[in-house]
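Reading through the structure tokens given below for one structure.
Just so it is clear, the structure is predicted and the values come from calculations on it, not from any experiment. Side-chain atoms are counted along with the backbone in the values below, which use heavy atoms only and exclude waters and symmetry mates. Chain letters run A, B, ... following the sequence lines, proteins first, then strands; residues in each count from 1.
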Amino acid sequence: MLPCMPTAPKPPSSLEEPSVPAVESRNHGEAVSSTPPELETGYYVRNFEQVLDTVTARYGDLLTDSESAYAEDFGGLDERSKRLYVRLILRRGPCFRRDLLSYDEIDDLAMAAGELREAGFLDHGEEAGLEEGLAVLRRPELIELVISLGELTAAATRKLKRGELLEVLLRPQHQEETRRRLWAEYDIWRPLHGELLLLYRLLFFGNLGQDFSEFVISDLGIVRYESYPLSREHRLFQDRTEIDQAFELRVTRHQVYGLLEEGKLEDALALARVVSDQAEILRPVARRKADGILIRVARELERRGEHQQAVELYAQARRPPARERRCRALEQLGELRQALDLCQEMAASPLDETESGFVPFFEHRMKKKLGLTQKPWKRSRRPTLEMDIDPPQGSIERATLEALAERGRRGIFSENWLWRSLFGLAFWDVVFEPVPGVFHHPFQTGPWDLSRPEFRIRRRERIEQRLDRLREEPDLRPRLWPVYQAKVGIANALVPWHPELEAPLHFALERVSGPTLAIFCDRLSSHLRRYRRGLPDLLVESDDSPVGFELLEVKGPGDQLRPEQGAWIDFLNRHDIPTRILKVRWS
DNA sequence: ACTCTTCTAG
DNA sequence: TTCACACTATCTT
DNA sequence: GATAGTGTGTCTCTAGAAGAGTAA
Ligand SMILES: [Mn+2]
Ligand SMILES: [Mn+2]
């Protein structure tokens, strides 16, 4: 791990604006924003406070005293101290060297630090681990420190890398002296309560993948979010238990991944067992997270040949591929009967296409091994086309597209993005409809339930109506093009806006009819997470197709069809949208 | 002096 | 800070 | 052909500063 940069880059000296601003179309060339992006001084404090205030207002009754005090005490600081605290707590740290800190907009760092220390928002980091403290030093200073310990000569340290220098300093016999010298020679500052802020972030965003930079990139127009009314009366977390579970699960996941990285499977397993014990009582969203941890650890157990333990963890996880993996692990254990039973359970109610695709052959294999059948396994056949192609230069899909074009068949690389985009455009207003409880903060690219079956269920009427409309409209352009024009550039989980996608989108809009699109949207809207994968690679013109085009899933040598892909191919053919596998051979 | 990586700020 | 897809290696048939 | 493991790009921004590593 590399050190945090101990420096605080100066704000860029204001560059001279050219008197005649160059005409630059940023943001995908939508209307030129006339406002030169500029943020007021201390903008980051305002954003910070907005998060604290929102969370306090929405979750105040569920917060502990110390959690509430965090926001309240912060509010009591003066502006200077707030700025310093936010500057530091938002950086990687966790420790900083006083001599390398400098912010133009904070006039008196010492005074700010003094107040922060008094209010319990800053310390000298002596409690921090030595490793974290040492992270504030650059390589030359580490060398100096190593030499001062008398362990190595200057010459001997020359070639050592940063990590090796740290290793020397962290040796048990040197730790005490290293620690003493580090804190004697450097004034180290460490902002406190990062863990409380993490909780506030989780409550504000509902995840930890988003952070304060959302405010900035949004204010600057770098990312444009759709505007929708927030549901203030609906909380993402219903009670304290739910908050704790969500938070704990994220912490645990982080720990588990770290442990597995270090090869400490036993410790990871211990954590996984704790998760496993409480998996039953988790609500769906938390349950998914828990399942992810269980599956990850169980997978590692499988690799080590610990199939029995893997089976136990898989048994507590719901989401795919937990059952498939459990079947395979049971097979390894020789528990063929159990494997078959589980497999038939899956057959009765598959959770996704990996499950329904797995069931047939595995069931057959178990029956064969149990002596319940003799028949050989026959794979289901799908319409297939073969083609010889020259060079594998670039992607095989592109090469195939060119080869088809040479034969007078124009097409585009469509895969998942095209159909998701068309779905997103055709249902834009439905997606952003303010259904209660699905919009919690201003930086969402879609409603909270977009990927789940609830999306369809909760908007049943409107979705059915829209599908009916589509079924009446041969030409999609009058409906979708205006949406495209109006919304281009606005962040939407369904719609990527790369400029180079515009041409293929046009190509598709000229050829895909409303009734055809309705077939895709019907399926996608019913359970996006389940159906967003596996769509065929190419959309190609076709004269003898009832819909004017056909879809092709390109398969090179050594690439085989995945269950989700097979499921889409079968589905589309059932609905009279010609879809084939195109096997490519090198000529 | 060079490339590569990480981090920050807006 | 994931997820979907493809490629490669290895073993089995 | 089945399976596991790995690599790639990814609409969750991006220019620029500075450090690390390397080589001459
Ligand atoms: Mn593909
Ligand atoms: Mn393909």
Side-chain angles (χ1 to χ4, degrees), chain A residues 1-13 15 26-28 36-41 43-44 47 86-88 90-93 100 103-105 135 137-142 159-165 205 207-225 250 253-254 257 292 299 302-303 324-325 328 331-332 354 358 361-362 365 376-377 379 392 395-397 413 415-417 420-421 424 443-446 451 488-501 529 532-535 537 553-562 564-565:
Chain A
M1 182 146 84
L2 287 175
C4 70
M5 285 201 319
T7 56
K10 299 258 168 120
S13 52
L15 299 168
R26 306 192 130 247
N27 296 338
H28 315 292
E38 188 152 326
L39 300 170
E40 58 170 311
T41 308
Y43 68 90
Y44 47 91
N47 298 339
V86 175
R87 279 294 196 198
L88 297 187
L90 294 187
R91 288 178 57 183
R92 189 127 149 72
L100 295 177
Y103 296 101
D104 284 357
E105 80 283 11
L137 301 187
R138 308 130 155 167
R139 193 165 165 276
E141 293 130 8
L142 289 172
K159 288 177 208 139
L160 294 185
K161 295 180 189 172
R162 187 188 167 82
E164 294 164 334
L165 291 163
F205 290 110
N207 63 64
L208 290 179
Q210 289 177 290
D211 59 33
F212 289 90
S213 66
E214 296 292 345
F215 289 91
V216 179
I217 60 181
S218 168
D219 288 344
L220 293 179
I222 294 168
V223 174
R224 294 161 60 215
Y225 289 96
R250 283 175 166 83
R253 197 174 81 102
H254 196 241
Y257 277 61
R299 203 63 233 264
E302 276 193 277
R303 281 188 194 113
E324 175 184 335
R325 295 313 316 172
R328 292 184 189 277
E331 183 187 20
Q332 291 296 313
T354 65
F358 166 77
F361 80 86
F362 190 82
R365 193 159 86 195
W377 167 244
R379 291 174 37 121
S395 85
I396 184 171
E397 291 88 355
F413 184 65
E415 219 181 45
N416 302 318
W417 77 264
R420 282 211 328 239
S421 293
F443 312 112
Q444 292 182 223
T445 57
S451 304
V488 61
I490 296 180
N492 182 324
L494 297 170
V495 188
W497 295 111
H498 299 78
E500 61 272 26
L501 293 180
R529 174 172 285 125
R532 68 185 167 193
R533 294 171 289 176
L535 280 148
D537 293 318
E553 171 54 45
V554 178
K555 284 295 164 201
D559 179 15
Q560 57 182 337
L561 202 70
R562 276 183 290 286
E564 317 90 273
Q565 296 176 326

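- Within the nucleic acid shown, A/Asn416 comes within 4.0 Å of sugar-phosphate atoms alone, with no base atom in reach, counting heavy atoms only.
- The side chain of A/Arg328 has D/dT3 as its nearest neighbour among D/dT3, B/dG10, C/dC5.
- When the P atom is used for both D/dT8 and C/dT1, the distance is 23 Å, rounded to whole Å.
- Residue A/Tyr103 places at least one side-chain N or O closer than 4.0 Å to OP1 or OP2 of B/dA9.
- Between A/Tyr43 and A/Asp219 there is no side-chain heavy-atom pair separated by less than 4.5 Å.
- Residue A/Arg303 has a polar side-chain atom (N or O) positioned under 4.0 Å from OP1 or OP2 of D/dG5.
- Nucleotides D/dT10 and D/dT14 are separated by 16 Å at their C1' atoms, to the nearest Å.
- Put simply, CD on A/Glu553 is 15 Å from P on C/dA4, counting in whole angstrom units.
- Taking 4.5 Å as the limit, some side-chain heavy atom of A/Arg138 sits within range of a side-chain heavy atom of A/Leu100.
- In this model, the phosphate group of D/dA20 is not approached by any side-chain N or O of A/Arg139 to a distance below 4.0 Å at OP1 or OP2.
- Residues A/Ser451 and A/Arg532 have side chains in contact (heavy-atom distance under 4.5 Å, counting atoms from C-beta outward).
- At the heavy-atom level, A/Glu40 lies nowhere under 4.0 Å from the strands shown.
- When the nearest nucleotides of DNA chain D are assigned to A/Thr445 and A/Glu324 by heavy-atom distance, the more 5′-ward of the two goes with A/Glu324.
- Nearest to the side chain of A/Tyr43, among B/dA9, D/dG5, C/dA6, sits B/dA9.
- Contact annotation: A/Arg562 side-chain N/O to D/dA2 OP1/OP2 distance is not under 4.0 Å.
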**OP:** Give the dot-bracket string for DNA chain C, reading 5' to 3', where a pair is Watson-Crick or G-U wobble with both distances under 3.5 Å, ( ) marks pairs inside the strand, [ ] marks pairs crossing earlier ones, | marks a partner on another strand, and . marks unpaired.
**Re:** ..|||||||||..
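- Look at CG on A/Leu100: it is 11 Å from C1' on D/dA18, rounded to the nearest Å.
- Side-chain N/O atoms of A/Lys555 include one lying less than 4.0 angstrom from OP1 or OP2 on C/dA6.
- The distance from atom NE2 of A/His254 to atom P of C/dT1 is 9 Å, rounded to the nearest whole Å.
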Can you name the atoms? Protein N/O to nucleotides 10-13 of chain C N/O, anything below 3.5 Å, with the distance.
none

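- C/dC7 atom C1' lies 11 Å from atom CD1 of A/Ile396, rounded to whole Å.
- Residue A/Gly556 is out of contact with every strand shown, counting any heavy-atom pair closer than 4.0 Å.
- Dashed line: the shortest gap from a side-chain N or O of A/Gln565 to OP1 or OP2 of C/dA6 is under 4.0 Å.
- Here D/dT12 is in the syn range [glycosidic angle within 90° of 0].
- The A/Ile222 side chain lies nearest to B/dG10 when the options are B/dG10, D/dA4, D/dA20.
- Among the protein residues, A/Asp211 comes within range of no part of the nucleic acid, since none of its heavy atoms lies under 4.0 Å from any strand.
- Residues A/Tyr44 and A/Phe215 place their aromatic rings such that the two centres sit no closer than 6.0 Å.
- With contacts defined as side-chain heavy-atom distances shorter than 4.5 Å, the pair A/Val495/A/Ser421 qualifies.
- Summarising the geometry, the separation between CZ on A/Arg420 and P on C/dC3 is reported as 12 Å, rounded to the nearest angstrom.
- Pair assignment for B/dC2 gives D/dG21, based on Watson-Crick or G-U wobble hydrogen-bonding distances that are each under 3.5 Å.
- Distances were taken from every side-chain heavy atom of A/Arg253 (C-beta onward) to each of C/dT1, B/dA9, C/dA6; the shortest belongs to C/dT1.
- Residue contacts for A/Ser213: at a heavy-atom cut-off of 4.0 Å it reaches a base atom on one of the strands shown.
- Spacing of P atoms, D/dG9 relative to B/dC4, comes out at 16 Å, to the nearest Å.
- Residue A/Arg365 places none of its side-chain N or O atoms closer than 4.0 Å to OP1 or OP2 of D/dA2.
- Note on A/Arg365 versus A/Glu331: salt bridge recorded, some NZ/NE/NH1/NH2 to OD/OE distance being below 4.0 Å.
- Side-chain proximity of A/Arg379 to C/dA4, D/dC13, D/dG1: nearest is D/dG1.
- Taking atom CZ on A/Arg91 and atom C1' on B/dC7, their separation rounds to 8 Å, with Å as the unit.
- Remark: C1' of C/dC7 and CD of A/Gln560 are 12 Å apart, rounded to the nearest angstrom.
- Among the nucleotides C/dC5, B/dA9, D/dC11, the one closest to any side-chain atom of A/Arg533 is C/dC5.
- Between A/Phe205 and A/Glu214, the closest side-chain pair of non-hydrogen atoms falls below 4.5 Å.
- Remark: A/Arg87 engages A/Glu105 in a salt bridge, criterion side-chain N to carboxylate O under 4.0 Å.
- Side chain of A/Leu39, nearest nucleotide from C/dA6, C/dA4, B/dG10: B/dG10.
- Closest to the side chain of A/Lys161, out of C/dA6, D/dG21, D/dG5, is D/dG21.
- For A/Gln210 (side chain) and A/Phe443 (main-chain N/O), a donor-acceptor pair under 3.5 Å exists by modelled atom type.
- We find the CG-NE2 distance between A/Leu208 and A/His254 to be 10.0 Å, quoted to the nearest 0.5 Å.
- Listed pair A/Arg162 / D/dA20 meets the phosphate criterion, a side-chain N or O lying under 4.0 Å from OP1 or OP2.
- Regarding A/Glu564, its CD atom lies at a distance of 11 Å from the C1' atom of C/dC3, rounded to whole Å.
- Of the candidates C/dA4, D/dA20, B/dA9, C/dA4 carries the atom nearest the A/Arg532 side chain, counting heavy atoms from C-beta on.
- One C1' atom belongs to B/dG10, the other to D/dA4, and the distance between them is 45 Å to the nearest Å.
- The side chain of A/Val223 lies closest to D/dC13, out of D/dG5, D/dT3, D/dC13.
- Looking at A/Arg325 and A/Arg328, their side chains come closer than 4.5 Å, going by heavy atoms from C-beta outward.
- At a threshold of 4.5 Å between non-hydrogen side-chain atoms, the residues A/Glu415 and A/Leu535 do not count as touching.
- No contact: A/Glu302 has no heavy atom under 4.0 Å from any strand.
- Both A/Phe361 and A/Leu142 lie close to DNA chain D; mapped to their nearest nucleotides by heavy-atom distance, the more 5′-ward contact belongs to A/Phe361.
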**OP:** Walk me through it: do A/Thr354 and A/Arg562 pass the test side-chain contact (heavy atoms from CB on, under 4.5 Å)?
**Re:** CA-CA 8 Å; A/Thr354 65; A/Arg562 276 183 290 286; over 6 Å; no
